[in-house]
Amino acid sequence: LKPCSAMGRKGRKSKKQLEEELLKAAEEQKRHEEKERLLKLEEETVAKHRARLDEELDSKEKVLEAERLDEESSIVTRMKGERKQNLEYEQSKLQDRIIWQKFISCTSRPNVAFENEITTYMTLVREEPSNDMEDAMRKCRDSEEIVGDLMELYCKAREEGDTARQEWCMRYVHEIRQLEIEQIDEATAYLLQYIEKQDTNTHMQVYLSWGQQHDDIKVGFWGHLQSKGFRAKQIDHPKIQITLEMPKSISHQSMGHCIGVRSLYTAYDSVNGKDSSQMSVGGMIRVDLLSIPPFSKKVKGWTIRQVPSLGQELLRLPYPNMDHATTTTAQPCKIEYKVPSHVLVGSTPTISWWDSQEEKWSTEGISDILWEVETRKISFLTARLAAFSITQPRHLDLPYKYWSMRPVGPLLVELKIQAARYELHFLISEDGLRLKGPDEPELHQVMYAPPEEANNPEAGGTGAVQPAPGGHKAPRVRSPATLLKELRDCGLNLMPEDSDAENLRGYTPKCPETQARAYSDLSEIAAFYDIASSVHNKTLPKERALVRVRDNPMYDEFDPLDPDCDTDYTPIMFFTDKACFVQSLERKFSEALAPGHLTHASLYLCFDKVPNPGPNHTEQLSRLEVTCSSARFVEAVRQTMQLTRLLCFV
């Protein structure tokens, strides 16, 4: 046993040995940490040095870029100035034709370009009593012609981006249309004052209507000339295609009154623009419950008639009447009217009433909406009497899924926009904008026009056109804003505002400077290049926009959505003050500049300063210059892109 114990003691390390090993390991660990620290310090020093060099290089490049853009700005200013002069010259010749057409038409309506003529007209209309509904309707038709002139001026201001002029035009549009309602109210008040002179049926009821079913303004009236004996009643105005069903609770809510019910339909919406989230389509129908004043009396050969006090000539009775003490529950009324043939109506339309206190459209109390496609009649039940309309969100056709533009002939471009509901096809020429599709019956009035209208330059026609299939209609060509406004009247809103982006997730409108630069530059190459949207444009900051272009001198048709054609397109990045070619692809985004390319103050200069110009470079560059012969076409393309906001909602 002793030898074994000796061997065990001999193999055991002493305390001193253990301490030396621990000290050696600590020193090794310290040397390793110091080595790592020095290596990290070296890496940080190298990184800082590289960053400083990159920063100096970037700063140098920015200085060079700023100097280059500053030098090029004078070139761009000169070229854009020449383009403006050419456009003004061409437009002056067209304006001379329009002025001549107006002169030979011998119209007596005021010139809406002069504010004093508008205000004078409105004063004269107000001073002339409207004691006859036919006379009031005539005034309304005359006023709508003036509104048409104002809307033409509004569209021109919209194309030019003149916001102040747009607001001025719309202010007088609203005032004139309010004057129209005043004239109809005045004629209605006179009718009620002398209601006993009207023919009645055996139930002491008066049926009257003014206008035809396709008129823009039409009025129906029913009156019950007894304060008692009212039953649930169907009021039918077949001539104007309006039908009402009034419940018995109407009389209980209007105790002591002889009542009349007026139906007023207008093809326009008199509250347009007040509710920024909703838009009305198909016009507005106002249903008013009116109090018939006491009838005249004959006493000793004298006719005594009660004259209402000022402001009380037309007494509207509320329904339901919250102030009237009655135990009878207000029952719903049924309203039915015919929707104009040019209005696109969905399978499940929404009916709203105008809440004048909240100044917005409301669907409260509306039920049992029925849309008859064949007869184009819409009916609904309502718990109140007010102004009603078919409504839809302003952004219903947004966002655009994609858009593309391609030349199809000399100074002729086809624009395709895949909106949320429809794929729309347009043709852009120097004469303006034309709608080619979709081929919906409701849009035919926008797509085609009688030849005499299409050839009228005052109406924005093209001059000489070819008849459409069928031989009785011709393609309808209008200025971009005019045609897009007509589409909006049909229920297709392709003139979005910045506020519409608030209702669309992930969309931020591009800043005005970037949009203006992109639309102006792209319009100059549209006659020779395909231009298409990019899926990456939406993700870029608002100061930048991305599109793709492809040279197409032979007017060939390519599919911009085909992945195999991705590399055939050249991506262009627009900034607030410059443009450049980048290396981005639809399948992979990159904002790196294309090899050898630099940023420039305009897209034209990007083409001019290509690194390796071809033998036909000068010839290809000359075709991008805007001349008198192409100025109107280029402007039509720019206006169309600007109005449809192609870079903001795709």
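Worth saying up front: this structure is predicted, and the values here are computed from it rather than measured. No hydrogens, no waters, no symmetry mates; every other heavy atom, side chains included, goes into these values.
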Looking only at heavy atoms, what is the nearest atom pair of [X] and [Y], with distance?
| X | Y | result |
| --- | --- | --- |
| Ala545 | Leu540 | C-CD1, 4.0 Å |
| Arg476 | Leu483 | O-CD1, 4.1 Å |
| Phe649 | Glu497 | CZ-O, 3.4 Å |

Quick check for you: to the nearest 0.5 Å, what is the distance between [X] atom [atom1] and [Y] atom [atom2]?
| X | Y | atom1 | atom2 | result |
| --- | --- | --- | --- | --- |
| Ser276 | Glu359 | OG | CD | 11.5 Å |
| Ile525 | Ile531 | CD1 | CD1 | 4.5 Å |
| Asp562 | Glu586 | CG | CD | 12.0 Å |
| Arg478 | Leu484 | CZ | CG | 13.0 Å |

Quick check against the 3.5 Å criterion: does [X] have a side-chain atom that pairs as donor or acceptor with the backbone of [Y]?
| X | Y | value |
| --- | --- | --- |
| Gln392 | Gly491 | yes |
| Arg632 | Glu430 | yes |
| Asn86 | Glu82 | yes |
| Ser389 | Gly283 | yes |
| Arg177 | Val271 | no |
| Asp521 | Leu603 | yes |
| Glu117 | Asn111 | yes |
| Lys416 | Met405 | no |
| Ser630 | Val626 | no |
| Glu414 | Leu427 | no |

Name each donor-acceptor pair under 3.5 Å that joins a side chain in residues 168-176 to protein atoms two or more places apart or in another chain, with its distance.
residue: Tyr172; atom: OH; partner: Glu115; partner atom: OE2; Å: 2.3

query: Will you find, in the side chains of Ser352 and Gln278, an N or O donor that is under 3.5 Å from an N or O acceptor?
result: no
message: Under a 3.5 Å threshold, yes or no: a donor from one side chain and an acceptor from the other, between Ser520 and Arg83?
response: yes
- prompt: Can the ring centroids of Phe581 and Phe607 be said to lie less than 6.0 angstrom from one another?
  reply: yes
Table please: side-chain donor-acceptor pairs of residues 548-556 below 3.5 Å, with sequence neighbours left out.
residue: Arg548; atom: NE; partner: Ser533; partner atom: O; Å: 3.1
residue: Arg548; atom: NH1; partner: Pro560; partner atom: O; Å: 3.3
residue: Arg548; atom: NH2; partner: Ser533; partner atom: O; Å: 3.2
residue: Arg548; atom: NH2; partner: Pro560; partner atom: O; Å: 3.0
residue: Asp551; atom: OD1; partner: Arg623; partner atom: NH2; Å: 3.0
residue: Asn552; atom: OD1; partner: Tyr555; partner atom: N; Å: 3.1
residue: Asn552; atom: OD1; partner: Asp556; partner atom: N; Å: 2.7
residue: Asn552; atom: ND2; partner: Asp530; partner atom: OD1; Å: 3.0
residue: Asn552; atom: ND2; partner: Asp556; partner atom: O; Å: 2.6

- request: Could you list all the ring pair (Phe, Tyr, Trp, His ring centres under 6.0 Å) pairs where at least one residue sits in residues 392-443, not counting sequence neighbours?
  value: none
[X] versus [Y]: any side-chain heavy-atom pair under 4.5 Å?
| X | Y | result |
| --- | --- | --- |
| His536 | Met573 | no |
| His597 | Pro611 | yes |
| Ser590 | Val582 | no |
| Thr576 | Cys511 | yes |
| Thr350 | Trp361 | no |
| Thr599 | Arg68 | yes |
| Asp269 | Met284 | yes |
| Arg587 | Asp566 | yes |

Test: Lys578 and Glu543 ion pair at under 4.0 Å: no
query: Is it true that Lys40 and Glu43 make a salt bridge, defined as a side-chain N closer than 4.0 Å to a carboxylate O?
result: no
Test applied, side-chain hydrogen bond (donor to acceptor under 3.5 Å, both in side chains); reference residue, Ser479; option that passes from Lys485, Glu159, Gln639, Arg158: Glu159
field: Partner set under salt bridge (Lys or Arg N to Asp or Glu O under 4.0 Å) for Glu90, not counting sequence neighbours
entry: Lys93
message: For Glu625, give me all partners under salt bridge (Lys or Arg N to Asp or Glu O under 4.0 Å), at least two apart in sequence or on another chain.
response: none
task: Name all residues meeting the side chain to side chain donor-acceptor pair (under 3.5 Å) criterion together with Asn537; count only those two or more places apart in sequence or in a different chain, and write none if there are none.
output: none
